[in-house]
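Residue numbering restarts at 1 for every chain, and letters A, B, ... go by the order of the sequence lines.
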Amino acid sequence: MEALNAPRGTQDILPPDSALWVELEGIIRRVARSFVYEEIRTPLFEHSELFQRGVGSLTDIVCKEMYTFADQGGRSLTLRPEGTAAVARAYLQHNMANRGLPQKLFYLGPMFRYERPQAGRFRQHHQFGFEVLGAGEALVDVEVITVAIAVYRTLGIQRFTVLLNSIGCRNCRPNYLAILRESMTPHLDKLCSDCQRRHAGNPLRLLDCKNPSCQPYLDQAPHSAGNLCLDCRSHFQEVQRLLDLIALPFQLEPRLVRGLDYYTRTVFEVTSPDLGAQNALCGGGRYDDLVATLGGSPTPGVGFAGGLERALLILVGRRAMNSTPQPAAARPDVFLVHLGPEAQEKALLLSQELRQAGLAVDQSYDTRSLSSQLKIANRKNARYTVIIGENELRRGVAMVREMALGQQTEVTLTSLLAHLRTKG
RNA sequence: GUGGCUAUAGCUCAACUGGCUAGAGCGCUGGACUGUGGAUCCAGGUGUUGGGGGUUCAAGUCCCCUUAGCCACCCCA
């Protein structure tokens, strides 16, 4: 029988690393609270159609990276590759607009994409995301970007760049796409095969091409931000003005288009030079047509999602450099050592009582020698070891050993809790 | 989906151009210490050398296939 490993592109998060994840998740929740976003949890799988309609059936994510399967009832389901479509779906399904607008929501959890694993890229990875539904103001775009930055600043990540662009709306984009397509038509035979395909189907993605031989032509391509309608232009200008107002540096990136079809107007990414080839810490933008695409009434939306693994990659790298210690493993306040069957029973009763009082209590489970039980207490880094032997039991006392000092005192069982408490 | 590099004990790594029973440190378990941890000493490894096939008198070492990891393309978080 061959041993089974975790599937390709997935990973086990073991202690003590799991403590780091809890810490990171805590920071995200704290930022959410400070900006007053509420948590939403949606299923890990959805009807495949949600992503086809929401994310776009021509996108790489949908057409070649989804984990899609038929369930026993013949439904086509897909492990969620991203979070925004499901949030929009839930917003619509539960008429969340009735709670008042805008709805400010955040989520945290695993996403699934069938991709070749690489530095900072996995088949199951974890994202946190913030979404605002029902508000179209530029102020909200700026708040969402600020939330992302707040998370990274709280984590102590200093080196990052905010990339910003606007890709227009349903009114002005068709016009821009026509201009873009036309500008590239003379060079079509010199562009790569991907670009030729994009030229026909999804010209916006032309700007995303990294093929060196295409760059000379794409560099001359007209910019979306230069071909916006009046409303989109003033929205984009307002976003930039407000970012300047709060002194948040950003870089205009005319070639930033993002790989999901639901975006309109503002798109942004935060990248880090400390990441490697997959350098996006988070990405997002406005999606004013998404809810309508899913069958709801027109509802503006804006949000972003960031990768937990990538944030962690920078965090652990930085901590290694500063030789910051790993978060301490779960540490018992009290470790109970017992000698003999009666002492074992007393230890069981005592552990209940001490835990009831809020102490972290661990104990030995077998009847090994005092020496080896103390070794366990030591390895677990217990603050106090409470030793109950038959002698102590007869006299109604226990030995309380303060491990760091190697000192122990005799305490009556009735005053044990009070004694441990005064020691803090 | 494409390419490059890699795979030896739980971890980090040895093993001359193919050659004896594949070793070391750390960790882990037990003991010395039958009621006192950390230090010290001693003992403890059936590792399918990732898996499969091939070449050879002989393969951890060479060849092929495969799986996985890392890195890059692509795309993104």
Hey, does A:L308 reach any base, or is it just sugar-phosphate, or nothing, if we go heavy atoms under 4.0 Å?
nothing
Hey, does A:M111 reach any base, or is it just sugar-phosphate, or nothing, if we go heavy atoms under 4.0 Å?
nothing
What interatomic distance, in whole Å, is found between C1' of B:rC57 and the corresponding atom of B:rU66?
29 Å
Give a yes/no answer on whether the side chain of A:S371 brings an N or O atom under 4.0 Å of OP1 or OP2 in B:rG37.
yes
Looking across every strand, which nucleic acid part, if any, lies under 4.0 Å from A:G9 by heavy atom: base, sugar-phosphate, or nothing?
sugar-phosphate
Counting distance alone, no hydrogens or angles: does the base of B:rG50 have a donor or acceptor under 3.5 Å from a partner atom on the side chain of A:N5?
no
Can you check the distance between B:rG50 and B:rG31, where both ends of the measurement are the P atom (answer in whole Å)?
36 Å
Write down the atom of A:P222, the atom of A:N227, and the distance for their closest heavy-atom approach.
CB-ND2, 4.0 Å
Less than 4.0 angstrom between a side-chain N/O of A:Q118 and OP1 or OP2 of B:rC71, yes or no?
no
Let me know the distance between CZ of A:F335 and C1' of B:rG38, rounded to the nearest Å.
15 Å
Partner of A:E115 under salt bridge (Lys or Arg N to Asp or Glu O under 4.0 Å), chosen from A:R121, A:K64, A:R8
A:R121
Of all heavy-atom pairs linking A:L207 and A:P254, the shortest is CD1-O, 4.2 Å
Modelled atom types, side-chain donor and acceptor of A:Y67 and A:Q124, under 3.5 Å
no
By the 4.0 Å heavy-atom rule, please label A:G120 as base, sugar-phosphate, or nothing.
base
Provide the distance between the two P atoms, one in B:rG23 and one in B:rU29, to the nearest whole Å.
25 Å
Nearest-Å distance once atom P is located in both B:rC75 and B:rA7
32 Å
Atom pair distance, as rounded to whole Å: CG in A:N381 and P in B:rG38:
14 Å
Over all strands shown, is A:Q124 touching base, sugar-phosphate only, or nothing at heavy-atom distances under 4.0 angstrom?
nothing
Using whole Å, report how far CZ of A:R379 lies from P of B:rG38.
12 Å
Closer than 4.0 angstrom, basic N to acidic O: yes or no for A:E269 and A:R258?
yes
For the base of B:rU36, is there a side-chain donor-acceptor partner from A:Q373 under 3.5 Å away?
no
What is the nucleic acid contact for A:F128, judged by heavy atoms within less than 4.0 Å: base, sugar-phosphate only, or nothing?
nothing
Same-atom distance (C1') from B:rU12 to B:rG47, integer angstrom:
16 Å
Please state the C1' separation for the pair B:rU17 and B:rU21 - nearest whole angstrom.
24 Å
Under 3.5 Å donor-acceptor, A:K104 side chain and A:F35 backbone:
yes
Ignoring backbone atoms, establish whether A:R113 has a side-chain N or O less than 4.0 Å from OP1 or OP2 of B:rA77.
yes
Taking the C1' atom of each, how far is B:rG44 from B:rU6, in whole Å?
32 Å
What distance, rounded to whole Å, do you find between the two P atoms, one in B:rC65 and one in B:rC5?
13 Å
Just checking A:E269: base, sugar-phosphate only, or nothing, at a heavy-atom cut-off of under 4.0 Å?
nothing
Does any donor-acceptor pair link the side chain of A:R116 with the base of B:rG3 at a separation under 3.5 Å?
yes
When rounded to whole Å, the CD to C1' distance for the pair A:E115 and B:rC75 reads 6 Å
Find the partner of B:rG1: check Watson-Crick (N1-N3 plus N6-O4 or O6-N4) and G-U wobble (N1-O2, O6-N3) distances, both under 3.5 Å, and reply none if neither fits.
B:rC73
How long is the line joining CD1 of A:I376 and P of B:rC28, in whole Å?
12 Å
A:T84-A:E131 side chain donor-acceptor pair, cut-off 3.5 Å:
yes
Just to be sure I understand the rule, does A:A305 reach a base, reach only the sugar-phosphate, or reach nothing, if contact means heavy atoms closer than 4.0 Å?
sugar-phosphate
Measure the distance from CG on A:D208 to C1' on B:rC74 and round it to the nearest whole Å.
10 Å
A:R123 CZ to B:rA68 C1': how many Å, rounded?
11 Å
For atom CD of A:E82 and atom P of B:rA77, their distance in whole Å
8 Å
Does B:rG69 have its OP1 or OP2 closer than 4.0 Å to a side-chain nitrogen or oxygen of A:R8?
yes
Would you kindly check whether a donor in the side chain of A:Q278 faces an acceptor in the base of B:rA72, or vice versa, at under 3.5 angstrom?
no
